[in-house]
Amino acid sequence: QVDLVESGGGLVQSGGSLRLSCVVSGHTLDYYVIGWFRQAPGKEREGVSCINMRDGTPYYRDSVKGRFAISREKANKTVYLQMNNLKPEDTAVYYCAFMRGVLLFRLWEVEAYPYWGQGTQVTVSS
């Protein structure tokens with residue numbers, strides 16, 4: 001059983017910043033991916049960013065490139081998502097999720113991540 005706990009969400013004005021954290025426990029793998037996904041009311045869950053925990057390679061959704069930065073503390077099994085220049089369209093519940101192994105062709109597929117955190121709300125006002 002892999003456990004993930006997110007934190008760092010909140011209410012921020014357009015143009016502001018937040019940093020989300022995801023702490024992972026319950027496994028001893030070296031090769032895995034942590035993804036950040038978000039879901040707004042009435043919309044499908046979508047990938048935001050993910051990171052190869054083995055080598056730190058980051059991946060981003062086009063709409064957040066240049067604004068968000070994902071990073072990791074490998075030994076602590078912790079992932080951060082620094083979100084800058086936030087926009088109202090970023091408003092959603094943000095989830096971190098665990099992929100066993102590094103399946104590059106499935107990074108953006110919700111179904112490829114069997115373990116999820118509880119979510120943290122991010123609200124960006126205009």
- Item | Which residues share a side chain to side chain donor-acceptor pair (under 3.5 Å) with Asp62, sequence neighbours left out | Lys65
- Message: Among residues at least two apart in sequence or on other chains, which ones pass side chain to side chain donor-acceptor pair (under 3.5 Å) with Ser7?
- Response: none
- Remaining members of hydrophobic cluster (4.5 Å side-chain criterion), Tyr31: Val33, Phe37, Tyr59, Val93, Tyr95, Met99, Val102, Leu103, Leu104, Phe105, Leu107, Trp108, Val110, Tyr113, Trp116
- Who else is in Val5's hydrophobic cluster (ILVMFWY, side-chain heavy atoms under 4.5 Å, direct or via others)? none
Minimum heavy-atom distance [X]-[Y], with the two atoms named:
X      : Y     : result
Gly8   : Leu18 : O-CD2, 3.9 Å
Ser17  : Val12 : N-CG2, 3.8 Å
Cys50  : Gly35 : CB-CA, 3.6 Å
Thr120 : Gly9  : OG1-N, 3.1 Å
Ala92  : Ala40 : CB-N, 3.8 Å
Asp90  : Arg38 : OD1-NH1, 3.0 Å

- Task: Report whether Tyr94 and Val23 are members of the same hydrophobic cluster (ILVMFWY, side-chain heavy atoms less than 4.5 Å apart, transitive linking).
- Result: no
- Message: If hydrophobic clusters are built by linking Ile, Leu, Val, Met, Phe, Trp and Tyr wherever their side-chain heavy atoms come under 4.5 Å apart, do Leu11 and Met83 end up in the same one?
- Response: no
- Message: Do Ser49 and Ile51 have side chains that approach each other closer than 4.5 Å (heavy atoms only, starting at C-beta)?
- Response: no
- Message: Are there over 12 heavy-atom neighbours, none belonging to Glu89, within less than 6.0 Å of that residue's CD?
- Response: yes
- Message: Could you check whether atom CD of Glu109 has more than 12 heavy atoms from other residues, nucleotides or ligands sitting under 6.0 Å from it?
- Response: yes
- Task: Compute the centroid of each ring, for Tyr32 and then for Phe98, and state whether the two points are separated by less than 6.0 Å.
- Result: yes
- Message: Once salt bridge (charged side-chain N to carboxylate O under 4.0 Å, His left out) is applied, what residue pairs with a partner in residues 3-22 remain, sequence neighbours excluded?
- Response: none
Donor-acceptor contacts, no H, no angles, side chain residues 70-81, under 3.5 Å, sequence neighbours left out:
{"from": "Arg72", "atom 1": "NE", "to": "Met53", "atom 2": "O", "distance (Å)": "3.0"}
{"from": "Arg72", "atom 1": "NH2", "to": "Arg54", "atom 2": "O", "distance (Å)": "3.3"}
{"from": "Glu73", "atom 1": "OE1", "to": "Asn76", "atom 2": "ND2", "distance (Å)": "3.1"}
{"from": "Glu73", "atom 1": "OE1", "to": "Tyr80", "atom 2": "OH", "distance (Å)": "3.2"}
{"from": "Glu73", "atom 1": "OE2", "to": "Tyr80", "atom 2": "OH", "distance (Å)": "3.4"}
{"from": "Lys74", "atom 1": "NZ", "to": "Arg54", "atom 2": "O", "distance (Å)": "3.1"}
{"from": "Lys77", "atom 1": "NZ", "to": "His27", "atom 2": "O", "distance (Å)": "2.3"}
{"from": "Thr78", "atom 1": "OG1", "to": "Asn76", "atom 2": "O", "distance (Å)": "3.1"}

- Query: Rounded to the nearest 0.5 Å, how far does CD1 of Ile34 lie from SG of Cys96?
  - Reply: 6.5 Å
- Ser126 OG to Lys87 NZ distance, which is reported to the nearest 0.5 Å: 14.0 Å
